[in-house]
Amino acid sequence: LATTEHQAEGASVSGGVVESNHAGYTGGGFVNYDNAPGSHVEFTVTAQAGPATLALRYANGTTTNRPMTISVNGTAQASGVAFAGTGAWSTWRTATANVTLAAGVNRVRVAATTAAGGPNLDRLDVTAGSPPPGRPA
Ligand code: GCU
């Protein structure tokens with residue numbers, strides 16, 4: 001299996017701003033989702049066809065979940081991923097979802113579903129692909 005990193009601040013953002021005012025992010029910053037349903041970040045992920053694990057590194061300094069739906073090429077594949085509170089805006093944790101990617105370019109959209117919007121999103125790590133021959137998946 002191989003893991004590829006995709007920074008949120010390098011993705012396509014609709015309803016959010018790139019910021020860097022809370023420590024602990026990787027890369028150049030993170031995306032602060034607008035506090036509105038439908039605000040989203042869309043990553044371009046090139047992959048082989050097959051299952052993949054998405055690990056989304058985020059911070060949520062509130063005590064209320066910031067649920068989001070993850071869609072791939074326009075089809076929702078994981079709904080209600082919680083993005084629970086992390087204790088502080090500078091405390092980052094990872095939420096995961098299992099999806100199926102298509103061969104070639106995939107549009108992986110992570111969209112807020114409530115009026116609170118999404119958490120602050122640092123990065124997407126995609127783990128996918130075939131293991132080397134003779135090794136377990
Ligand atoms: C605070 C915090 C932001 C966060 C926002 C929110 O303003 O500083 O980083 O995005 O709360 O509630 O979404």
Side-chain angles (χ1 to χ4, degrees):
L1 295 176
T3 300
T4 55
E5 292 188 2
H6 307 265
Q7 292 291 339
E9 66 273 21
S12 174
V13 179
S14 176
V17 289
V18 175
E19 294 180 342
S20 57
N21 59 328
H22 297 295
Y25 56 83
T26 64
F30 56 84
V31 171
N32 171 352
Y33 279 70
D34 289 351
N35 300 119
S39 54
H40 62 262
V41 174
E42 188 170 280
F43 298 89
T44 300
V45 176
T46 303
Q48 301 173 14
T53 299
L54 308 182
L56 289 150
R57 188 168 188 268
Y58 76 98
N60 174 1
T62 78
T63 54
T64 304
N65 292 356
R66 294 274 177 105
M68 300 205 283
T69 292
I70 299 167
S71 62
V72 179
N73 296 326
T75 300
Q77 292 204 16
S79 296
V81 182
F83 295 92
T86 59
W89 291 108
S90 56
T91 299
W92 302 83
R93 299 204 192 293
T94 299
T96 61
N98 295 315
V99 300
T100 302
L101 298 178
V105 174
N106 293 263
R107 292 174 290 108
V108 176
R109 181 178 294 198
V110 186
T113 59
T114 73
N120 290 347
L121 186 64
D122 180 36
R123 192 176 86 218
L124 165 66
D125 289 349
V126 180
T127 300
S130 303
R135 293 189 58 189

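We use all heavy atoms of the structure for the numbers below, so side chains are in, but hydrogens, waters and symmetry mates are not. Quick note: residue numbers are just sequence positions, from 1.
To the nearest 0.5 Å, the span separating CG on N73 from OG1 on T100 amounts to 11.5 Å. Atom-to-atom distance recorded for H6:NE2 and L56:CG is 10.5 Å, nearest 0.5 angstrom.
Taking the side chain as every heavy atom from C-beta outward, N35 and R66 approach each other to under 4.5 Å. Residues R57 and R93 have side chains not in contact (no heavy-atom distance under 4.5 Å, counting atoms from C-beta outward). Under the 4.5 Å side-chain criterion, counting only non-hydrogen atoms from C-beta, T113 is not in contact with P37. At a threshold of 4.5 Å between non-hydrogen side-chain atoms, the residues E42 and V108 do not count as touching. Using a 4.5 Å cut-off on side-chain heavy atoms (C-beta onward), N120 and V31 make no contact.
Shown here for A95 and F83, the closest heavy-atom pair between the two residues is CB-CE2, 3.7 Å. Looking at every heavy atom in both residues, A55 comes nearest to T94 through CB-CG2, 3.5 Å.
Criterion: ILVMFWY side-chain heavy atoms under 4.5 Å apart, direct or through other members. Under it, V13 and V45 are part of a common hydrophobic cluster. Cluster annotation: V110 and W92 are assigned to distinct hydrophobic clusters (Ile/Leu/Val/Met/Phe/Trp/Tyr, side-chain heavy-atom contacts under 4.5 Å, transitive).
A donor-acceptor pair shorter than 3.5 Å cannot be found between the side chains of D125 and T3. Residues N98 and T53 have side chains that bring a donor and an acceptor to within less than 3.5 angstrom of each other. Remark: the R109 side chain and the S71 side chain contain no N/O donor-acceptor pair separated by less than 3.5 Å.
Considering N60, N21, N32 in turn, N60 is the only one that fulfils the side chain to side chain contact (heavy atoms under 4.5 Å, CB included) rule with W89.
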